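Below is one structure, written out as structure tokens; the observations come after it.
The figures that follow rest on heavy atoms only: side chains count, while hydrogens, waters and symmetry mates do not. Proteins come first, then strands; the chains are lettered A, B, ... in the order of their sequence lines, and each starts at number 1. All figures in this text were calculated on a predicted structure; none of them were measured in a lab.
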Amino acid sequence: AQKVTQAQTEISVVEKEDVTLDCVYETRDTTYYLFWYKQPPSGELVFLIRRNSFDEQNEISGRYSWNFQKSTSSFNFTITASQVVDSAVYFCALKPGGSYIPTFGRGTSLIVHP
Amino acid sequence: DTGVSQNPRHKITKRGQNVTFRCDPISEHNRLYWYRQTLGQGPEFLTYFQNEAQLEKSRLLSDRFSAERPKGSFSTLEIQRTEQGDSAMYLCASSLTETHGEQFFGPGTRLTVL
């Protein structure tokens, strides 16, 4: 069985602060894929990143960066210099290599105050 | 490419009534997924189509729920004899690549059962 834990229910920061969203996963599969999605108030989930289990390289995309560590089964997401537009619910998801179906965490609500 | 669209965006119904939702995926995507999302939770998988074939259904999908994807294009999700516990956001997603591909989500249909 797959499990994704996002222990932070809600995070509140002031604009320009850096913030890290935690994601811890459990799986017995050796091949799997990890995702982050953003769900703004409009409701539509937006894909941010996919990482496979064999690629532990960290990734940076603008103000976003991701830290994948298999040793701790974590796939954390950092937003540098947060902006009000970053306010949303962020979901981490896990998909086994042989499955079409991802398991989502419960999400972390990020509120960025001006 | 207009993305994944869902109709209606909101539906209010009385307990015991039947409702039907529609999802139009991205045109070239052959995979289509339905999810249910309740407040404070991540999306929960309901069912999955590859072209017109329904390949997997979650145990969450009781016999009151039925989904179709005629001709492998749009899909419908019908809920018969709605119950208050069916109140949720119903999300549709589509994808093109193999099992590790990211999914593109629609804006969802919010169902309220009175």
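Of all the listed residues (A:Gly105, A:Pro102, A:Ser109), the one sharing the greatest number of non-hydrogen pairs under 4.5 Å with chain B is A:Pro102.
Both A:Ile49 and A:Leu110 belong to a common hydrophobic cluster when Ile, Leu, Val, Met, Phe, Trp and Tyr are linked at side-chain heavy-atom distances under 4.5 angstrom. Under a hydrophobic clustering in which Ile, Leu, Val, Met, Phe, Trp and Tyr are joined whenever their side-chain heavy atoms come within less than 4.5 Å, directly or via other members, A:Tyr25 and A:Phe35 fall into different clusters. No continuous path of hydrophobic side-chain contacts links A:Trp66 to A:Tyr37 [ILVMFWY only; heavy atoms under 4.5 Å]. One hydrophobic cluster, built from ILVMFWY side chains closer than 4.5 Å, cannot hold both B:Trp34 and B:Phe74; they sit in different ones. Both A:Ile11 and A:Phe75 sit in one connected hydrophobic cluster of ILVMFWY residues. Membership requires side-chain heavy atoms under 4.5 Å apart, directly or through other members.
Here the side chains of A:Tyr100 and B:Tyr33 are in contact, with some heavy-atom distance below 4.5 Å. Between B:Pro43 and A:Phe91 there is a side-chain heavy-atom pair separated by less than 4.5 Å.
Environment of NZ in A:Lys3: sparse, with no more than 12 heavy atoms of neighbouring residues, nucleotides or ligands closer than 6.0 Å. For B:Ile12, the CD1 atom is loosely surrounded, since the number of other residues' heavy atoms within 6.0 Å does not exceed 12. No more than 12 heavy atoms of other residues, nucleotides or ligands shown are found within 6.0 angstrom of NZ on B:Lys11. In A:Gln57, the CD atom is not crowded: 12 or fewer heavy atoms of neighbouring residues, nucleotides or ligands sit closer than 6.0 Å. The number of heavy atoms from other shown groups lying within 6.0 Å of CD (B:Glu68) does not exceed 12.
Of residues 81-90 of chain B, no residue lies under 4.5 Å from chain A by any heavy-atom pair. Residues of residues 46-59 of chain B lying under 4.5 angstrom from chain A, judged on non-hydrogen atoms, are B:Tyr48, B:Gln50, B:Glu56 by number. Using a 4.5 Å heavy-atom cut-off against chain A, no residue of residues 14-24 of chain B qualifies as contacting.
No part of A:Gln6 comes within reach of chain B, as not one of its non-hydrogen atoms sits under 4.5 angstrom from that chain. Of the two parts of B:Gln37, only the side chain, counted from C-beta on, holds a non-hydrogen atom closer than 4.5 Å to a non-hydrogen atom of chain A. When heavy atoms are compared at a cutoff of 4.5 Å, A:Tyr32 does not approach chain B at all.
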List the atom pairs, with distances to 0.1 Å, where a side-chain N or O of residues 103-114 of chain B and a protein N or O form a donor-acceptor pair under 3.5 Å, not counting sequence neighbours.
from, atom 1, to, atom 2, distance (Å)
B:Gln103, OE1, B:Tyr35, OH, 2.7
B:Gln103, NE2, B:Tyr35, OH, 3.3
B:Thr109, OG1, B:Pro8, O, 2.5

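Expressed to the nearest 0.5 Å, how far CZ of A:Arg106 lies from OG1 of B:Thr38 amounts to 8.5 Å. Of the inter-residue distances, the one linking A:Phe104 atom CZ with B:Glu44 atom CD reads 11.0 Å to the nearest 0.5 angstrom.
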